[in-house]
Chemist: 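My structure is below; once you've seen it, I'll send some questions.
Note that the structure is predicted; figures quoted are calculated from it, not measured.
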Number of protein chains: 2
Amino acid sequence: MSAAAVDKRRVILDAAVRVFARQGFHTCRVSDIADEAGVAYGLVYHYFPSKEAILDTLFLERWDVMLAAIAEAERSDRPPREQLRAIASFIIESYRHDPDLMKVIVVEVTRAANTFGRTHVGKIMQAHEAIGRIVAQAQRDGVFRSDIDSAFAAQAFYGLIEQVLTHWIFSGLPVPAEEFEHVKTEVVEMICGGLGG
Amino acid sequence: MSAAAVDKRRVILDAAVRVFARQGFHTCRVSDIADEAGVAYGLVYHYFPSKEAILDTLFLERWDVMLAAIAEAERSDRPPREQLRAIASFIIESYRHDPDLMKVIVVEVTRAANTFGRTHVGKIMQAHEAIGRIVAQAQRDGVFRSDIDSAFAAQAFYGLIEQVLTHWIFSGLPVPAEEFEHVKTEVVEMICGGLGG
DNA sequence: ATACTGATTGACTCGTCAGTCAGGGAGCAT
DNA sequence: ATGCTCCCTGACTGACGAGTCAATCAGTAT
(Lines give C-alpha, C1' and ligand atoms only; values in the text may rest on other atoms or scores of the structure.)
Protein backbone atom coordinates (compact mmCIF):
# COMPACT_ATOMS: atom_id res chain seq x y z
CA MET A 1 0.00 0.00 0.00
CA SER A 2 1.47 3.31 -1.11
CA ALA A 3 2.00 6.27 1.21
CA ALA A 4 -0.86 8.15 -0.41
CA ALA A 5 -3.14 5.17 0.12
CA VAL A 6 -2.25 4.96 3.81
CA ASP A 7 -3.17 8.64 4.10
CA LYS A 8 -6.54 8.23 2.40
CA ARG A 9 -7.39 5.32 4.64
CA ARG A 10 -6.56 7.49 7.64
CA VAL A 11 -8.59 10.39 6.23
CA ILE A 12 -11.61 8.11 5.92
CA LEU A 13 -11.19 6.77 9.46
CA ASP A 14 -10.88 10.26 10.92
CA ALA A 15 -13.91 11.45 8.99
CA ALA A 16 -15.86 8.43 10.22
CA VAL A 17 -15.08 9.35 13.83
CA ARG A 18 -16.58 12.81 13.34
CA VAL A 19 -19.63 11.49 11.49
CA PHE A 20 -20.30 8.64 13.95
CA ALA A 21 -19.94 11.06 16.87
CA ARG A 22 -22.27 13.61 15.27
CA GLN A 23 -24.97 11.35 13.83
CA GLY A 24 -24.46 7.94 15.37
CA PHE A 25 -23.47 4.77 13.55
CA HIS A 26 -26.97 3.60 12.63
CA THR A 27 -28.29 6.98 11.53
CA CYS A 28 -25.41 8.04 9.30
CA ARG A 29 -24.98 6.96 5.71
CA VAL A 30 -21.75 5.75 4.16
CA SER A 31 -22.07 8.70 1.79
CA ASP A 32 -21.90 11.03 4.81
CA ILE A 33 -18.51 9.55 5.68
CA ALA A 34 -17.30 9.87 2.08
CA ASP A 35 -18.48 13.50 1.93
CA GLU A 36 -16.86 14.35 5.27
CA ALA A 37 -13.60 12.76 4.08
CA GLY A 38 -13.82 14.51 0.73
CA VAL A 39 -13.52 11.26 -1.25
CA ALA A 40 -15.80 9.40 -3.62
CA TYR A 41 -18.37 7.01 -2.22
CA GLY A 42 -16.76 3.96 -3.77
CA LEU A 43 -13.36 4.65 -2.26
CA VAL A 44 -14.67 3.83 1.20
CA TYR A 45 -15.31 0.30 -0.08
CA HIS A 46 -11.85 0.16 -1.59
CA TYR A 47 -10.36 0.40 1.90
CA PHE A 48 -13.04 -1.23 4.04
CA PRO A 49 -15.23 -4.24 3.30
CA SER A 50 -18.25 -2.71 5.06
CA LYS A 51 -19.52 0.16 7.18
CA GLU A 52 -19.19 -2.04 10.27
CA ALA A 53 -15.53 -2.73 9.53
CA ILE A 54 -14.80 0.99 9.86
CA LEU A 55 -16.22 1.04 13.39
CA ASP A 56 -14.44 -2.19 14.26
CA THR A 57 -11.14 -0.69 13.14
CA LEU A 58 -11.66 2.50 15.15
CA PHE A 59 -12.59 0.55 18.27
CA LEU A 60 -9.77 -1.99 18.10
CA GLU A 61 -7.11 0.63 17.33
CA ARG A 62 -7.97 2.56 20.48
CA TRP A 63 -8.90 -0.34 22.74
CA ASP A 64 -5.57 -2.07 22.19
CA VAL A 65 -3.76 1.09 23.26
CA MET A 66 -5.92 1.16 26.38
CA LEU A 67 -5.29 -2.50 27.18
CA ALA A 68 -1.55 -1.77 26.91
CA ALA A 69 -1.92 1.14 29.32
CA ILE A 70 -3.81 -1.05 31.80
CA ALA A 71 -1.19 -3.81 31.50
CA GLU A 72 1.48 -1.18 32.13
CA ALA A 73 -0.28 -0.04 35.32
CA GLU A 74 -0.70 -3.65 36.41
CA ARG A 75 2.98 -4.39 35.84
CA SER A 76 4.21 -1.40 37.85
CA ASP A 77 4.81 -2.00 41.55
CA ARG A 78 3.06 1.16 42.74
CA PRO A 79 0.34 0.83 45.39
CA PRO A 80 -3.00 -0.44 44.01
CA ARG A 81 -4.72 2.85 44.64
CA GLU A 82 -2.23 4.54 42.32
CA GLN A 83 -2.51 1.78 39.76
CA LEU A 84 -6.24 2.46 39.63
CA ARG A 85 -5.62 6.15 39.42
CA ALA A 86 -3.28 5.63 36.48
CA ILE A 87 -6.00 3.73 34.62
CA ALA A 88 -8.69 6.31 35.38
CA SER A 89 -6.25 8.98 34.31
CA PHE A 90 -5.49 7.26 31.01
CA ILE A 91 -9.14 6.89 30.05
CA ILE A 92 -10.01 10.44 31.05
CA GLU A 93 -7.00 11.77 29.13
CA SER A 94 -8.16 9.78 26.11
CA TYR A 95 -11.43 11.63 26.32
CA ARG A 96 -9.69 14.97 26.74
CA HIS A 97 -7.50 14.28 23.73
CA ASP A 98 -10.22 12.99 21.38
CA PRO A 99 -13.75 13.24 22.78
CA ASP A 100 -15.34 12.25 19.46
CA LEU A 101 -13.45 8.96 19.32
CA MET A 102 -14.21 8.12 22.94
CA LYS A 103 -17.86 9.01 22.38
CA VAL A 104 -18.04 6.60 19.46
CA ILE A 105 -16.33 3.81 21.40
CA VAL A 106 -18.51 4.19 24.48
CA VAL A 107 -21.81 4.85 22.77
CA GLU A 108 -21.53 2.55 19.77
CA VAL A 109 -19.47 -0.31 21.20
CA THR A 110 -18.98 -0.76 24.93
CA ARG A 111 -22.52 0.32 25.85
CA ALA A 112 -24.17 -1.27 22.81
CA ALA A 113 -24.96 -4.67 24.28
CA ASN A 114 -26.90 -5.82 21.22
CA THR A 115 -24.86 -4.72 18.25
CA PHE A 116 -21.09 -4.18 18.54
CA GLY A 117 -20.83 -4.86 22.23
CA ARG A 118 -21.70 -8.48 21.38
CA THR A 119 -18.94 -8.62 18.77
CA HIS A 120 -16.29 -7.24 21.07
CA VAL A 121 -17.28 -8.66 24.47
CA GLY A 122 -13.99 -10.52 24.53
CA LYS A 123 -11.88 -7.39 24.18
CA ILE A 124 -14.05 -5.49 26.64
CA MET A 125 -13.78 -8.29 29.19
CA GLN A 126 -9.98 -8.24 28.93
CA ALA A 127 -10.01 -4.73 30.41
CA HIS A 128 -12.37 -5.73 33.23
CA GLU A 129 -10.25 -8.79 33.99
CA ALA A 130 -7.01 -6.83 34.19
CA ILE A 131 -8.59 -4.35 36.61
CA GLY A 132 -10.00 -7.30 38.57
CA ARG A 133 -6.50 -8.76 38.89
CA ILE A 134 -5.19 -5.51 40.36
CA VAL A 135 -7.97 -5.55 42.96
CA ALA A 136 -7.47 -9.26 43.72
CA GLN A 137 -3.75 -8.75 44.26
CA ALA A 138 -4.43 -5.82 46.61
CA GLN A 139 -6.86 -8.04 48.51
CA ARG A 140 -4.22 -10.77 48.89
CA ASP A 141 -1.82 -8.10 50.16
CA GLY A 142 -4.43 -7.03 52.69
CA VAL A 143 -4.61 -3.48 51.26
CA PHE A 144 -8.21 -3.85 50.03
CA ARG A 145 -11.02 -5.55 51.95
CA SER A 146 -11.68 -9.10 50.78
CA ASP A 147 -15.43 -9.41 51.26
CA ILE A 148 -16.19 -7.68 47.95
CA ASP A 149 -15.68 -9.80 44.85
CA SER A 150 -12.75 -8.47 42.82
CA ALA A 151 -14.63 -8.81 39.53
CA PHE A 152 -17.51 -6.87 41.04
CA ALA A 153 -15.16 -4.11 42.18
CA ALA A 154 -13.65 -3.97 38.70
CA GLN A 155 -17.14 -3.51 37.25
CA ALA A 156 -17.82 -0.69 39.67
CA PHE A 157 -14.54 1.02 38.84
CA TYR A 158 -14.75 0.77 35.07
CA GLY A 159 -18.52 1.38 35.12
CA LEU A 160 -18.10 4.59 37.09
CA ILE A 161 -15.57 5.97 34.64
CA GLU A 162 -17.78 5.08 31.69
CA GLN A 163 -20.72 6.69 33.47
CA VAL A 164 -18.75 9.92 33.84
CA LEU A 165 -17.81 9.89 30.16
CA THR A 166 -21.46 9.26 29.26
CA HIS A 167 -22.45 12.23 31.38
CA TRP A 168 -19.98 14.47 29.56
CA ILE A 169 -21.16 13.10 26.22
CA PHE A 170 -24.82 13.69 27.04
CA SER A 171 -24.16 17.24 28.21
CA GLY A 172 -22.59 18.12 24.87
CA LEU A 173 -20.59 20.88 26.60
CA PRO A 174 -16.80 21.18 26.59
CA VAL A 175 -15.39 19.96 29.90
CA PRO A 176 -13.33 22.52 31.88
CA ALA A 177 -9.68 21.43 32.33
CA GLU A 178 -9.84 21.34 36.14
CA GLU A 179 -12.82 18.98 36.05
CA PHE A 180 -10.70 16.28 34.39
CA GLU A 181 -8.23 16.37 37.29
CA HIS A 182 -10.97 16.61 39.89
CA VAL A 183 -12.81 13.59 38.51
CA LYS A 184 -9.67 11.44 38.50
CA THR A 185 -9.41 11.98 42.25
CA GLU A 186 -13.14 11.57 42.85
CA VAL A 187 -13.24 8.23 41.01
CA VAL A 188 -10.46 6.76 43.12
CA GLU A 189 -11.88 8.25 46.34
CA MET A 190 -15.31 6.86 45.58
CA ILE A 191 -14.09 3.35 44.78
CA CYS A 192 -11.46 3.07 47.51
CA GLY A 193 -12.97 5.23 50.22
CA GLY A 194 -16.73 4.93 49.70
CA LEU A 195 -19.29 7.34 51.13
CA GLY A 196 -19.13 6.15 54.73
CA GLY A 197 -22.21 5.66 56.91
CA MET B 1 -61.67 1.71 24.37
CA SER B 2 -63.29 -1.69 24.95
CA ALA B 3 -61.92 -4.38 27.26
CA ALA B 4 -60.89 -6.51 24.29
CA ALA B 5 -59.01 -3.59 22.80
CA VAL B 6 -57.12 -2.96 26.02
CA ASP B 7 -56.08 -6.62 25.97
CA LYS B 8 -54.83 -6.51 22.40
CA ARG B 9 -52.81 -3.41 23.13
CA ARG B 10 -51.27 -5.21 26.09
CA VAL B 11 -50.63 -8.32 23.98
CA ILE B 12 -48.74 -6.19 21.47
CA LEU B 13 -46.69 -4.47 24.18
CA ASP B 14 -45.76 -7.78 25.80
CA ALA B 15 -44.82 -9.29 22.45
CA ALA B 16 -42.69 -6.22 21.69
CA VAL B 17 -40.76 -6.73 24.94
CA ARG B 18 -39.85 -10.27 23.92
CA VAL B 19 -38.95 -9.29 20.37
CA PHE B 20 -36.90 -6.23 21.38
CA ALA B 21 -35.08 -8.31 24.00
CA ARG B 22 -34.35 -11.10 21.53
CA GLN B 23 -33.44 -9.13 18.41
CA GLY B 24 -32.92 -5.55 19.51
CA PHE B 25 -35.00 -2.55 18.52
CA HIS B 26 -33.12 -1.65 15.37
CA THR B 27 -32.77 -5.16 14.02
CA CYS B 28 -36.34 -6.33 14.48
CA ARG B 29 -39.16 -5.62 12.07
CA VAL B 30 -42.62 -4.44 13.03
CA SER B 31 -43.91 -7.63 11.40
CA ASP B 32 -41.88 -9.63 13.94
CA ILE B 33 -43.82 -7.93 16.73
CA ALA B 34 -47.15 -8.56 14.99
CA ASP B 35 -46.25 -12.23 14.45
CA GLU B 36 -45.11 -12.67 18.06
CA ALA B 37 -48.36 -11.08 19.26
CA GLY B 38 -50.42 -13.19 16.85
CA VAL B 39 -52.12 -10.15 15.31
CA ALA B 40 -52.16 -8.62 11.86
CA TYR B 41 -49.44 -6.20 10.88
CA GLY B 42 -51.80 -3.27 10.54
CA LEU B 43 -53.21 -3.67 14.05
CA VAL B 44 -49.91 -2.55 15.51
CA TYR B 45 -50.48 0.78 13.79
CA HIS B 46 -54.04 0.88 15.06
CA TYR B 47 -52.71 1.10 18.63
CA PHE B 48 -49.37 2.82 18.15
CA PRO B 49 -48.42 5.64 15.80
CA SER B 50 -44.96 4.21 15.17
CA LYS B 51 -42.45 1.53 16.11
CA GLU B 52 -40.67 4.05 18.34
CA ALA B 53 -43.87 4.81 20.23
CA ILE B 54 -44.02 1.19 21.37
CA LEU B 55 -40.58 1.45 22.94
CA ASP B 56 -41.44 4.83 24.46
CA THR B 57 -44.54 3.34 26.05
CA LEU B 58 -42.65 0.38 27.49
CA PHE B 59 -39.95 2.61 28.91
CA LEU B 60 -42.25 5.23 30.43
CA GLU B 61 -44.61 2.66 31.96
CA ARG B 62 -41.76 1.04 33.87
CA TRP B 63 -39.67 4.12 34.57
CA ASP B 64 -42.56 5.92 36.24
CA VAL B 65 -43.03 2.97 38.59
CA MET B 66 -39.32 3.14 39.39
CA LEU B 67 -39.41 6.89 40.00
CA ALA B 68 -42.29 6.29 42.41
CA ALA B 69 -40.26 3.64 44.24
CA ILE B 70 -37.29 5.99 44.52
CA ALA B 71 -39.54 8.80 45.79
CA GLU B 72 -40.96 6.36 48.32
CA ALA B 73 -37.47 5.50 49.56
CA GLU B 74 -36.57 9.19 49.70
CA ARG B 75 -39.71 10.01 51.72
CA SER B 76 -39.10 7.29 54.32
CA ASP B 77 -37.04 8.32 57.33
CA ARG B 78 -34.85 5.24 57.35
CA PRO B 79 -31.07 5.74 57.40
CA PRO B 80 -29.61 6.73 54.00
CA ARG B 81 -27.78 3.44 53.65
CA GLU B 82 -31.09 1.61 53.83
CA GLN B 83 -32.74 4.09 51.47
CA LEU B 84 -30.06 3.26 48.92
CA ARG B 85 -30.51 -0.44 49.59
CA ALA B 86 -34.23 -0.13 48.97
CA ILE B 87 -33.57 1.46 45.57
CA ALA B 88 -30.98 -1.12 44.59
CA SER B 89 -33.38 -3.79 45.73
CA PHE B 90 -36.24 -2.40 43.67
CA ILE B 91 -34.22 -2.29 40.46
CA ILE B 92 -32.77 -5.75 40.97
CA GLU B 93 -36.22 -7.17 41.78
CA SER B 94 -37.50 -5.54 38.57
CA TYR B 95 -34.88 -7.50 36.70
CA ARG B 96 -35.73 -10.71 38.55
CA HIS B 97 -39.40 -10.25 37.75
CA ASP B 98 -39.07 -9.33 34.07
CA PRO B 99 -35.51 -9.57 32.74
CA ASP B 100 -36.62 -9.01 29.15
CA LEU B 101 -38.25 -5.68 29.97
CA MET B 102 -35.26 -4.48 31.98
CA LYS B 103 -32.94 -5.58 29.21
CA VAL B 104 -34.89 -3.50 26.70
CA ILE B 105 -34.94 -0.46 28.97
CA VAL B 106 -31.25 -0.59 29.78
CA VAL B 107 -29.96 -1.56 26.36
CA GLU B 108 -32.30 0.41 24.12
CA VAL B 109 -32.97 3.48 26.25
CA THR B 110 -30.79 4.35 29.24
CA ARG B 111 -27.54 3.25 27.61
CA ALA B 112 -28.46 4.43 24.11
CA ALA B 113 -27.03 7.94 24.27
CA ASN B 114 -27.70 8.66 20.61
CA THR B 115 -31.19 7.35 19.98
CA PHE B 116 -33.73 7.01 22.79
CA GLY B 117 -31.45 8.09 25.58
CA ARG B 118 -31.54 11.56 24.00
CA THR B 119 -35.35 11.54 23.99
CA HIS B 120 -35.66 10.51 27.59
CA VAL B 121 -32.68 12.25 29.24
CA GLY B 122 -35.14 14.24 31.33
CA LYS B 123 -36.78 11.17 32.84
CA ILE B 124 -33.44 9.45 33.34
CA MET B 125 -32.03 12.52 35.08
CA GLN B 126 -34.99 12.58 37.47
CA ALA B 127 -33.83 9.26 38.89
CA HIS B 128 -30.24 10.44 39.26
CA GLU B 129 -31.40 13.65 40.91
CA ALA B 130 -33.56 11.86 43.47
CA ILE B 131 -30.66 9.59 44.41
CA GLY B 132 -28.42 12.67 44.57
CA ARG B 133 -30.84 14.30 47.03
CA ILE B 134 -30.67 11.27 49.32
CA VAL B 135 -26.87 11.47 49.31
CA ALA B 136 -26.88 15.25 49.82
CA GLN B 137 -29.23 14.95 52.80
CA ALA B 138 -27.02 12.28 54.35
CA GLN B 139 -24.03 14.58 53.84
CA ARG B 140 -25.83 17.44 55.63
CA ASP B 141 -26.63 15.03 58.46
CA GLY B 142 -22.96 14.11 58.64
CA VAL B 143 -23.65 10.45 57.88
CA PHE B 144 -21.85 10.53 54.49
CA ARG B 145 -18.58 12.31 53.81
CA SER B 146 -19.02 15.69 52.14
CA ASP B 147 -15.95 15.90 49.91
CA ILE B 148 -17.55 13.79 47.18
CA ASP B 149 -20.11 15.60 45.03
CA SER B 150 -23.58 14.17 45.68
CA ALA B 151 -24.44 14.10 41.96
CA PHE B 152 -21.21 12.20 41.32
CA ALA B 153 -22.06 9.68 44.03
CA ALA B 154 -25.53 9.23 42.53
CA GLN B 155 -23.91 8.48 39.17
CA ALA B 156 -21.67 5.91 40.77
CA PHE B 157 -24.56 4.24 42.56
CA TYR B 158 -26.95 4.09 39.65
CA GLY B 159 -24.14 3.35 37.20
CA LEU B 160 -22.98 0.38 39.24
CA ILE B 161 -26.45 -1.15 39.33
CA GLU B 162 -26.85 -0.67 35.58
CA GLN B 163 -23.42 -2.21 35.06
CA VAL B 164 -24.49 -5.27 37.02
CA LEU B 165 -27.67 -5.61 34.96
CA THR B 166 -25.63 -5.22 31.78
CA HIS B 167 -23.34 -7.99 32.95
CA TRP B 168 -26.29 -10.32 33.54
CA ILE B 169 -27.76 -9.36 30.18
CA PHE B 170 -24.48 -10.03 28.35
CA SER B 171 -24.03 -13.38 30.04
CA GLY B 172 -27.41 -14.53 28.76
CA LEU B 173 -27.59 -17.02 31.64
CA PRO B 174 -30.34 -17.18 34.26
CA VAL B 175 -29.17 -15.56 37.50
CA PRO B 176 -29.25 -17.80 40.61
CA ALA B 177 -31.66 -16.52 43.29
CA GLU B 178 -28.97 -16.05 45.92
CA GLU B 179 -26.95 -13.82 43.59
CA PHE B 180 -29.75 -11.24 43.54
CA GLU B 181 -29.59 -10.91 47.34
CA HIS B 182 -25.83 -10.98 47.40
CA VAL B 183 -25.53 -8.21 44.81
CA LYS B 184 -27.92 -5.93 46.72
CA THR B 185 -25.56 -6.07 49.68
CA GLU B 186 -22.43 -5.74 47.56
CA VAL B 187 -23.75 -2.63 45.78
CA VAL B 188 -24.43 -0.83 49.05
CA GLU B 189 -21.15 -2.02 50.59
CA MET B 190 -19.20 -0.85 47.58
CA ILE B 191 -20.78 2.59 47.44
CA CYS B 192 -20.88 3.27 51.18
CA GLY B 193 -17.83 1.35 52.37
CA GLY B 194 -15.43 1.45 49.41
CA LEU B 195 -12.51 -0.91 48.97
CA GLY B 196 -10.24 0.64 51.58
CA GLY B 197 -6.49 1.22 51.11
C1' DA C 1 5.41 4.37 -26.66
C1' DT C 2 3.17 0.45 -24.29
C1' DA C 3 1.61 -2.24 -20.71
C1' DC C 4 0.53 -2.98 -16.15
C1' DT C 5 -1.00 -1.91 -11.32
C1' DG C 6 -3.49 0.26 -7.96
C1' DA C 7 -6.27 4.43 -6.75
C1' DT C 8 -10.47 6.76 -7.58
C1' DT C 9 -15.03 7.84 -9.28
C1' DG C 10 -20.27 7.90 -8.82
C1' DA C 11 -24.39 6.07 -11.09
C1' DC C 12 -26.90 2.10 -10.44
C1' DT C 13 -28.99 -2.15 -8.35
C1' DC C 14 -31.51 -4.54 -5.25
C1' DG C 15 -33.33 -5.87 -0.96
C1' DT C 16 -35.52 -4.20 3.05
C1' DC C 17 -39.09 -2.29 5.91
C1' DA C 18 -41.84 1.50 8.11
C1' DG C 19 -45.98 3.13 7.40
C1' DT C 20 -50.62 3.40 4.42
C1' DC C 21 -55.05 2.20 2.95
C1' DA C 22 -59.13 0.13 1.27
C1' DG C 23 -61.97 -3.03 2.81
C1' DG C 24 -64.17 -6.81 5.78
C1' DG C 25 -66.51 -8.16 9.89
C1' DA C 26 -68.75 -7.75 14.76
C1' DG C 27 -71.47 -5.52 18.01
C1' DC C 28 -74.96 -2.18 19.02
C1' DA C 29 -78.30 1.44 18.71
C1' DT C 30 -82.57 3.14 16.45
C1' DA D 1 -83.06 -3.74 8.40
C1' DT D 2 -80.06 0.17 8.24
C1' DG D 3 -76.45 2.82 9.75
C1' DC D 4 -72.61 3.68 12.80
C1' DT D 5 -68.40 2.79 15.17
C1' DC D 6 -64.63 0.24 16.36
C1' DC D 7 -61.63 -3.61 15.73
C1' DC D 8 -58.99 -5.96 12.62
C1' DT D 9 -56.64 -7.56 8.18
C1' DG D 10 -52.58 -7.89 5.02
C1' DA D 11 -51.23 -6.55 0.36
C1' DC D 12 -49.02 -2.63 -1.28
C1' DT D 13 -46.02 1.62 -1.79
C1' DG D 14 -42.37 4.62 -1.45
C1' DA D 15 -38.15 5.86 0.44
C1' DC D 16 -33.91 4.79 1.71
C1' DG D 17 -29.23 3.20 1.82
C1' DA D 18 -25.54 -0.55 1.68
C1' DG D 19 -22.83 -2.44 -1.44
C1' DT D 20 -21.43 -3.23 -6.68
C1' DC D 21 -19.13 -2.36 -10.84
C1' DA D 22 -17.55 -0.63 -15.15
C1' DA D 23 -14.94 3.08 -16.41
C1' DT D 24 -11.23 6.52 -15.79
C1' DC D 25 -6.97 8.29 -14.11
C1' DA D 26 -2.06 8.44 -12.29
C1' DG D 27 2.19 6.53 -11.60
C1' DT D 28 5.84 3.42 -12.87
C1' DA D 29 8.35 -0.05 -15.11
C1' DT D 30 10.25 -1.85 -19.63
Chemist: Rounded off to whole Å, could you give me the CZ-to-P distance for the A/R9 and C/dA7 pair?
Modeler: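 Rounded to whole Å, this separation is 12 Å.
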Chemist: Would you check if the side chain of B/W168 reaches a backbone N or O of B/V175 as a donor-acceptor pair within less than 3.5 Å?
Modeler: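 No.
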Chemist: Rounded to the nearest 0.5 Å, how far apart are CG of A/D35 and OH of A/Y41?
Modeler: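 Spacing of CG (A/D35) from OH (A/Y41) equals 10.5 Å.
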Chemist: Rounding to a whole Å, what distance do you find between A/R10:CZ and C/dA7:P?
Modeler: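 Going from CZ in A/R10 over to P in C/dA7 covers 17 Å.
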Chemist: Round to the nearest Å and state the distance from A/D32 atom CG to D/dA18 atom C1'.
Modeler: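 The answer, rounded to whole Å, is 13 Å.
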Chemist: Would you kindly give the OH-to-P distance between A/Y45 and D/dA22, to the nearest whole Å?
Modeler: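 For the pair A/Y45 OH and D/dA22 P, the rounded distance is 18 Å.
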Chemist: Just N and O in the side chain of A/H46: are any of them under 4.0 Å from OP1 or OP2 of C/dA7?
Modeler: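 Yes, because at least one side-chain N or O of A/H46 sits under 4.0 Å from OP1 or OP2 of C/dA7.
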Chemist: Find the distance B/H26:NE2 to C/dA18:C1' and express it as a whole number of Å.
Modeler: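 Distance check: B/H26 NE2 to C/dA18 C1' gives 14 Å.
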Chemist: To the nearest Å, how far apart are A/I33 CD1 and D/dG17 P?
Modeler: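 Value for this atom pair: 13 Å.
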Chemist: Of A/G42 and A/T27, whose closest DNA chain D nucleotide lies nearer the 5' terminus?
Modeler: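 Of the two residues, A/T27 wins.
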Chemist: Between B/K8 (NZ) and C/dG25 (C1'), how many Å, whole number?
Modeler: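 Going from B/K8 (NZ) to C/dG25 (C1'), I get 13 Å.
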Chemist: If only side-chain N and O atoms of A/Y47 are considered, is one of them under 4.0 Å from the OP1 or OP2 phosphate oxygen of C/dT8?
Modeler: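 It does, given that an N or O in the side chain of A/Y47 lies less than 4.0 Å from OP1 or OP2 of C/dT8.
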Chemist: Give a yes or no on whether the backbone of A/T166 and the side-chain of A/K103 come within a donor-acceptor separation of less than 3.5 Å.
Modeler: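 A pair under 3.5 Å: no.
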Chemist: Check every atom of D/dA18, C/dG19, D/dT9 against the side chain of A/Y41 and return the nucleotide holding the closest atom.
Modeler: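 Of all the options, the side chain of A/Y41 is nearest to D/dA18.
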Chemist: Whole Å only: how far is the CG atom of B/L43 from the C1' atom of C/dG24?
Modeler: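 For the pair B/L43 CG and C/dG24 C1', the rounded distance is 14 Å.
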Chemist: Does NZ or CZ of B/R10 come closer than 6.0 Å to the centre of the six-membered ring of B/Y47, within 45° of the ring's axis?
Modeler: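 Negative - B/R10 is either too far from the ring of B/Y47 or too far off its axis.
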